[in-house]
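Notes follow once the structure below has been shown.
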Amino acid sequence: MYYYIIKRLLLMIPTLLGILFLTFVVTQFVPGGPVEQLANQLTSLNVSGEASSGSANLYRGSSGLSEEHIESLKEFYGFDKPFLERFSDLVINYLSFDLGDSYFHHQSVSELIISKLPVSISLGLWTFLIIYSICIPLGIKKAVSHGSNFDLTSSTLILIGYSIPGFVLGISLIVLLGGGSFYDVFPTRGIISDNWDELTIGAKVLDYLWHMTLPIISSVIGSFAVMTMLTKNSFIEEIKKQYVLTAKAKGLSDNEILYKHVFKNALIPILTGFPAQFISAFFTGSILIETIFSLDGIGLLSYESILHRDYPVVLGTLFLFTLLGLLAKLLTDISYLFVDPRIKFDSVEDGRNN
């Protein structure tokens, strides 16, 4: 197992570098970068007469900013260096987890990401807990009553929910319950009210849940189908195996067979995906939800960074998400050992060598 873990950790290095390199190429050569955006802003200020006297001579009418000022902007953002040198500096800084400074927010990318984590963790943690706490019991119930009216009705409902994109459901909820056109029941901005500090502890909890209701509903509805059907199919596959028939022949009750024998085997594919699902719940699929409900989290930060060509934030968040994703995949593989002791990585390696 230790050889397998070391090998996977070493394979993460070229994978991470490859993803960073491709993204770095796109961000460095896509039009409308930070130099062009700042140059357009300075030009607009000069045209409107709002620029200071010290920068007014930089504007040359229809020609825009002077070449000297353009070169100074490139030097300020580091675009005066060769491409490979810029990428090498990026990799060296990332090895020490120095993600640089934001062009737009004018602060450290690491501090910026940390400041946005509470919102994304709140949304992701609730989504993760609700999905697992509902889908696993529902999937077991559907497997036991396979083909019944309950199974058919619940399958229809969760597939309808799966077919509705989260952002479409979010917009619909805002229109219906967020003061759009019908009822003004739930807030649609932030996770707490402006008078949060003046509220009591109980009122703070209710206020927080009040703000998170619509975003959580939009996040979880579409995810019910995958986890529920995975649980159902896993239990049905185990129920059809020979050891279940043997247990029935010995006179064991259905509940004893289900929870003493089937349960631990059927949950293997679900539990082994736990690490990846736990991490991805915080960082994936929340961009549109955070944007629609104005939640100041990592998803909204990534979206705004792309719009403003804030490359340090774009690359920094990508580096963090990719690293966590690779570690989650490794933890998923390792978790197989704890859930199913029959799996041996060394035997897999020996089989490949032979």
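Being a predicted model, the structure only gives us computed values, none of them experimental. Reckoned from all heavy atoms, side chains included, excluding hydrogens, waters and symmetry mates.
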Looking only at heavy atoms, what is the nearest atom pair of [X] and [Y], with distance?
{"X": "Tyr94", "Y": "Leu20", "value": "CD2-CD1, 3.9 Å"}
{"X": "Arg86", "Y": "Phe24", "value": "CB-CZ, 3.7 Å"}
{"X": "Ile239", "Y": "Ala143", "value": "CD1-O, 4.5 Å"}
{"X": "Phe293", "Y": "Pro215", "value": "CG-CG, 3.8 Å"}
{"X": "Leu326", "Y": "Met12", "value": "O-CE, 3.2 Å"}
{"X": "Thr231", "Y": "Ile136", "value": "CG2-O, 3.6 Å"}

message: With salt bridge (charged side-chain N to carboxylate O under 4.0 Å, His left out) as the rule and sequence neighbours excluded, what pairs involving residues 205-224 come up?
response: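 Non-adjacent pairs meeting salt bridge (charged side-chain N to carboxylate O under 4.0 Å, His left out): zero.
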Hey, does the side chain of [X] reach the backbone of [Y] with a donor-acceptor pair shorter than 3.5 angstrom?
{"X": "Ser145", "Y": "Ser148", "result": "no"}
{"X": "Ser120", "Y": "Leu117", "result": "no"}
{"X": "Ser163", "Y": "Ile160", "result": "yes"}
{"X": "Ser218", "Y": "Leu214", "result": "yes"}
{"X": "Ser96", "Y": "Asn93", "result": "yes"}

If hydrophobic clusters are built from ILVMFWY residues whose side chains come within less than 4.5 Å, do [X] and [Y] share one?
{"X": "Ile164", "Y": "Tyr162", "result": "no"}
{"X": "Leu90", "Y": "Leu17", "result": "yes"}
{"X": "Leu125", "Y": "Ile134", "result": "yes"}
{"X": "Val26", "Y": "Leu318", "result": "no"}
{"X": "Tyr259", "Y": "Val262", "result": "yes"}

task: Determine the interplanar angle of the Trp126 and Tyr208 rings, folded into 0 to 90°, and report it as parallel if under 30°, tilted if 30 to 60°, perpendicular if over 60°.
output: tilted
query: Using the ring of each side chain (for Trp, its six-membered ring), is Phe21 parallel, tilted or perpendicular to Phe87, with breaks at 30° and 60°?
result: perpendicular
Please determine, by modelled atom types, if [X] and [Y] share a side-chain donor-acceptor pair under 3.5 angstrom.
{"X": "Ser102", "Y": "Asp310", "result": "yes"}
{"X": "Lys142", "Y": "Ser155", "result": "yes"}
{"X": "Tyr303", "Y": "Glu290", "result": "no"}

query: How far apart are the C-alpha atoms of Asp89 and Glu85, what are their side-chain angles, what is the distance that settles it, and do they pass the side chain to side chain contact (heavy atoms under 4.5 Å, CB included) test?
result: CA-CA 6 Å; Asp89 293 339; Glu85 182 179 349; 3.9 Å; yes
State, with a plain yes or no, whether a side-chain heavy atom of [X] is found less than 4.5 Å away from one of [Y].
{"X": "Asp98", "Y": "Val109", "answer": "no"}
{"X": "Lys248", "Y": "Asp254", "answer": "yes"}
{"X": "Ile298", "Y": "Phe321", "answer": "yes"}
{"X": "His146", "Y": "Ile236", "answer": "yes"}
{"X": "Ser305", "Y": "Leu301", "answer": "yes"}
{"X": "Glu304", "Y": "Val313", "answer": "no"}
{"X": "Leu323", "Y": "Phe97", "answer": "yes"}
{"X": "Arg309", "Y": "Val314", "answer": "no"}

Considering residues, nucleotides and ligands other than [X], do more than 12 of their heavy atoms fall under 6.0 Å from its [atom1]?
{"X": "Lys141", "atom1": "NZ", "value": "no"}
{"X": "Phe150", "atom1": "CZ", "value": "yes"}
{"X": "Tyr243", "atom1": "OH", "value": "yes"}
{"X": "His261", "atom1": "NE2", "value": "yes"}
{"X": "Asn195", "atom1": "CG", "value": "yes"}
{"X": "Leu22", "atom1": "CG", "value": "yes"}

query: Could you walk me through whether Arg189 and Leu295 pass the side chain to side chain contact (heavy atoms under 4.5 Å, CB included) check?
result: CA-CA 6 Å; Arg189 296 183 63 87; Leu295 301 177; over 6 Å; no
- request: May I have the step-by-step check of side chain to side chain contact (heavy atoms under 4.5 Å, CB included) for Gln242 and Leu245, ending in yes or no?
  value: CA-CA 5 Å; Gln242 184 64 39; Leu245 297 177; 4.1 Å; yes
- request: Let me see the working for Ser172 and Val175 under side chain to side chain contact (heavy atoms under 4.5 Å, CB included), right down to the final yes or no.
  value: CA-CA 5 Å; Ser172 301; Val175 173; 5.7 Å; no
field: Residues in side chain to side chain contact (heavy atoms under 4.5 Å, CB included) contact with Val220, at least two apart in sequence or another chain
entry: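 For Val220 the side chain to side chain contact (heavy atoms under 4.5 Å, CB included) partners, ignoring immediate neighbours, are Thr127, Ile130, Ile131, Ile216, Phe224.
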task: Give me the one residue out of Leu209, Val119, Leu123 that meets side-chain contact (heavy atoms from CB on, under 4.5 Å) with Ile191.
output: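 Among the candidates, only Val119 passes.
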